[in-house]
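Taking it in order: structure first as structure tokens, then the write-up.
The chains referred to below are lettered A, B, ... by the order of the sequence lines, with proteins before strands, and numbering in each begins at 1.
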There are 2 protein chains.
Amino acid sequence: MKNFSRQRQAVIDVLCSTKTHPSAAWIYEKVRETIPNISLGTVYRNLALLESEGIIRKVSVGDSSEHFDGDTSMHSHFYCKGCKQITDIPFDTTDDCKKLEEKTGLSVESATYTFVGVCTNCNKNKN
Amino acid sequence: MKNFSRQRQAVIDVLCSTKTHPSAAWIYEKVRETIPNISLGTVYRNLALLESEGIIRKVSVGDSSEHFDGDTSMHSHFYCKGCKQITDIPFDTTDDCKKLEEKTGLSVESATYTFVGVCTNCNKNKN
DNA sequence: ATGAAATCAGTAAAGATTACTATTTTGCAA
DNA sequence: TTGCAAAATAGTAATCTTTACTGATTTCAT
């Protein structure tokens, strides 16, 4: 087990305490409740570092900002165009990655499968 | 067939003439070769408009900028962490979307499946 | 022709991310 | 312990990406 700095641990804690797939700015605000003078740069640096080590994941849904996910277990995402929320989908991409490797010779390390549409709640509230 | 403005048509033409999945900035520079005084805002506005009408696609790979694709036929993408290039993968997500709809009741309109790893060329040049 | 709607160029502003620097913290070896 | 090098941080500036705005221009159906 590695020894994380207080700031790095706080970023992990905030990210693991939510299922909302937040942005860096949101994480920054949350961590500030515990460490009021943490720097936004520190949040970004730690997010990048943690992602490169596979401790957290980056989630891109096309809203011109990156989102992060503390849950590294195998799953995919659904992005609602209405409420802009990202929710988890239990879809395993492992087999597709393997197949792609075998077929193409590419080194496939991971995959992100993002479904886009309108969630049940937003569908209800349509006018 | 719709009647596009010169600027809008130029954006389409540039995007359809490449397989590189370019960013808005790249498209802007390319279109400027034909229309030197086109505005970057015009490029963004038309990209957003064309995407909302399903004429082009947005591709997010997690490099903190959006990419665009003039090829709307069903396919997925591979993102090389080495050379940062995006290439097409012939993978059909239609069935997965349908299954997800049936299972969850969500309105699934589309999906983006992005495989991440290292391409054969970058693998060769590793040190 | 002509007037409303759409589109545009140019620019400003906002939002997201990265870079930089001086300071502080950490871990380890003497 | 103490000292020192490496790592990490706060604070800020700078950059990059995207959106918003405004007045002028174009389009197009009447």
When you measure from the side chain of A:Arg8, which nucleotide among C:dA9, C:dT7, D:dA8 comes out closest?
D:dA8

Listed nucleotide nearest any side-chain atom of B:Ser5, set C:dA9, D:dA10, C:dC8:
C:dC8

Taking only N and O in the side chain of [X], is any of them less than 4.0 Å away from OP1 or OP2 of [N]?
X       : N      : result
B:Arg6  : D:dT26 : no
B:Asn46 : C:dC8  : yes
B:Gln7  : C:dA9  : yes

Are A:Phe115 and A:Phe78 close enough that their ring centres sit under 6.0 Å apart?
no

Taking atom types as modelled and ignoring hydrogens, do the side chains of [X] and [Y] form a donor-acceptor contact shorter than 3.5 angstrom?
X       : Y        : value
A:His75 : A:Asp92  : no
B:Asp96 : B:Tyr113 : no
B:Glu66 : A:Ser64  : no
B:Arg8  : B:Ser5   : no
A:Thr20 : A:Gln85  : no

Rounded distance in Å - [atom1] ([X]) to [atom2] ([N]):
X       : N      : atom1 : atom2 : answer
B:Leu50 : C:dA6  : CG    : C1'   : 15 Å
B:Trp26 : D:dT17 : CH2   : P     : 15 Å
B:Ile38 : C:dC8  : CD1   : C1'   : 9 Å
B:Ile27 : D:dT17 : CD1   : C1'   : 13 Å
B:Glu51 : D:dT18 : CD    : P     : 12 Å
B:Asn37 : C:dG10 : CG    : C1'   : 10 Å
A:Gln9  : C:dT26 : CD    : P     : 14 Å

Quick check: on DNA chain D, is the nucleotide nearest A:Leu49 upstream (toward 5') of the one nearest A:Pro36, or the reverse? Name the residue that is more 5'.
A:Leu49

Inter-axis angle, terminal five-pair segments of the helix from C:dA1-D:dT30 to C:dA30-D:dT1 [nearest 10°]
30°

Classify every nucleotide of nucleotides 17-24 of chain C by which part a protein heavy atom approaches to under 4.0 Å, writing B for the base, S for the sugar-phosphate alone and - for neither, in 5'-to-3' order.
BB------

Would you confirm whether [X], through its side chain, and [Y], through its main-chain N or O, come within 3.5 Å as a donor-acceptor pair?
X        : Y        : result
A:Thr18  : A:Leu15  : no
B:Glu101 : B:Val108 : yes
A:Arg57  : A:Thr72  : yes
A:Lys58  : B:Gly62  : yes

Enumerate all atom pairs, one protein N or O and one N or O from nucleotides 28-30 of chain D, separated by less than 3.5 Å.
unit_1, atom_1, unit_2, atom_2, d
D:dC28, OP1, B:Asn3, ND2, 3.3

Do B:Leu47 and B:Ile56 have side chains that approach each other closer than 4.5 Å (heavy atoms only, starting at C-beta)?
yes

Inspect the contact between A:Lys99 and A:Glu102 and indicate whether a charged nitrogen and a carboxylate oxygen are less than 4.0 angstrom apart.
no

